[in-house]
Amino acid sequence: MDEGRPLFIQIAELVENSIIDGGLADEAQAPSTNELATFHRINPATAGKGLAKLVADGILYKKRGIGMFVTTGARDALRYRRRDDFARQYIEPLITEATKLGMTVDELKAMLDKWEDTP
């Protein structure tokens, strides 16, 4: 766990990662609050807050008395959102810096292509 970020966000991201990598498929049951709390040695309320965030985001849904389940299409929704986040976090600053350096889009693409060929 990363000490610099709220634990409930990290719990939500761990579940999201399981969905993105295929560990939790559409309609699969998500780990319970107690399972997450026990495994990560955190307060169950913190784990519950992470799961509640995913419910609020439409990634999980509740079946009363049974548990939380992955919403159909959650993987695609997460990938779309994370790609958008990736662009804001990495691509925008990259383009800003390239512009400062007077680089063209073609030069930037050439640099990326060079990295793609590097093992």
Side-chain angles (χ1 to χ4, degrees):
M1 296 305 227
D2 178 2
E3 304 234 354
R5 298 177 328 120
L7 285 174
F8 81 95
I9 297 290
Q10 294 178 61
I11 291 297
E13 288 175 350
L14 288 170
V15 174
E16 286 180 353
N17 289 341
S18 291
I19 294 168
I20 288 173
D21 69 19
L24 283 173
D26 286 356
E27 302 302 322
Q29 187 167 8
S32 71
T33 297
N34 289 332
E35 289 171 333
L36 290 167
T38 301
F39 184 79
H40 295 288
R41 297 182 179 170
I42 59 173
N43 187 310
T46 302
K49 190 173 177 182
L51 292 176
K53 179 187 181 326
L54 295 175
V55 170
D57 291 347
I59 303 303
L60 298 179
Y61 67 94
K62 297 178 188 180
K63 283 188 182 178
R64 190 175 184 101
I66 300 175
M68 305 269 189
F69 292 81
V70 179
T71 303
T72 298
R75 182 175 189 218
D76 290 338
L78 286 169
R79 290 177 76 186
Y80 179 80
R81 189 191 79 212
R82 287 206 179 171
R83 285 178 181 181
D84 199 40
D85 291 346
F86 178 82
R88 269 195 306 282
Q89 188 174 359
Y90 297 103
I91 303 300
E92 286 178 15
L94 176 70
I95 291 171
T96 299
E97 185 64 19
T99 301
K100 286 178 188 176
L101 297 173
M103 294 175 65
T104 66
V105 172
D106 288 335
E107 289 173 316
L108 189 54
K109 285 179 184 177
M111 288 180 83
L112 290 171
D113 287 341
K114 180 180 175 183
W115 280 100
E116 182 178 67
D117 295 335
T118 305

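Keep in mind that the numbers below use all heavy atoms, side chains included, and drop hydrogens, waters and symmetry copies.
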Next on the checklist: Is there a path of hydrophobic side-chain contacts, each under 4.5 Å between heavy atoms, that joins Phe39 and Val15?
Outcome noted: no
Checklist entry - Val70, Tyr80: one ILVMFWY side-chain cluster at the under-4.5 Å cut-off? => result no
Checklist entry - Checking side chain to side chain contact (heavy atoms under 4.5 Å, CB included) against Leu60, which of Glu16, Met68, Lys53 comes through? => result Met68
Item to check | Contact summary for Ala37 and Pro44, nearest pair of heavy atoms | outcome: CB-CA, 3.6 Å
Next on the checklist: Applying a strict under-4.5 Å side-chain criterion to I, L, V, M, F, W and Y, I'd like to know whether Phe69 and Leu36 cluster together.
Outcome noted: no
Checklist entry - If you measure from the Lys or Arg side-chain nitrogens to the Asp or Glu carboxylate oxygens, is any gap between Asp84 and Arg81 under 4.0 Å? => result no
Next on the checklist: Given 3.5 Å as the limit, does a donor-acceptor pair link the side chain of Thr71 with the main chain of Ala74, or not?
Outcome noted: no
Checklist entry - Any side-chain heavy atom of Glu107 sitting closer than 4.5 Å to one from Met111? => result no
Next on the checklist: If you compare all heavy atoms of Gly50 against all heavy atoms of Ala12, which two are closest, and at what distance to 0.1 Å?
Outcome noted: O-CB, 3.6 Å
Checklist entry - Are Thr46 and His40 close enough that some pair of their side-chain heavy atoms sits under 4.5 Å apart? => result no
Checklist outcome for this item: Tightest non-hydrogen contact, residues Thr33 and Leu51, listed as OG1-CD1, 3.5 Å
Checklist entry - What are the two closest non-hydrogen atoms of Arg82 and Glu13, and how far apart are they? => result NH2-O, 3.7 Å
Next on the checklist: Taking atom CZ as the centre, does Arg41 end up with more than 12 heavy-atom neighbours from other residues, nucleotides or ligands that are less than 6.0 angstrom away?
Outcome noted: no
Next on the checklist: Tell me whether Leu112 shares a hydrophobic cluster with Tyr90, the cluster being built from Ile, Leu, Val, Met, Phe, Trp, Tyr side chains joined at under 4.5 Å.
Outcome noted: no
Checklist entry - Can you tell me how far the CG atom of Asp113 sits from the NZ atom of Lys109, to the nearest 0.5 Å? => result 9.0 Å
Checklist entry - How many angstroms lie between atom CG of Asp76 and atom CD1 of Ile20, to the nearest 0.5 angstrom? => result 10.5 Å
Next on the checklist: Return the CG to NZ distance between Leu54 and Lys62, rounded to the nearest 0.5 Å.
Outcome noted: 11.5 Å
Item to check | OG1 on Thr96 to CG on Leu101, rounded to 0.5 Å | outcome: 11.0 Å
Next on the checklist: Side-chain heavy atoms nearer than 4.5 Å, only ILVMFWY residues, links allowed to pass through others: does that put Ile95 and Phe86 together?
Outcome noted: yes
Checklist entry - Rounded to the nearest 0.5 Å, how far does CG of Leu14 lie from CD1 of Ile9? => result 11.5 Å
Distance-only donor-acceptor hits, side chain of residues 22-31, under 3.5 Å, sequence neighbours excluded:
| residue | atom | partner | partner atom | Å |
| --- | --- | --- | --- | --- |
| Asp26 | OD1 | Gly73 | N | 3.4 |
| Asp26 | OD2 | Gly73 | N | 3.1 |
| Glu27 | OE1 | Tyr61 | OH | 2.3 |
| Glu27 | OE2 | Thr72 | OG1 | 2.5 |
| Gln29 | NE2 | Ile66 | O | 3.0 |

Checklist outcome for this item: When rounded to the nearest 0.5 Å, the distance separating CD1 of Ile59 from CD1 of Ile19 is 6.0 Å
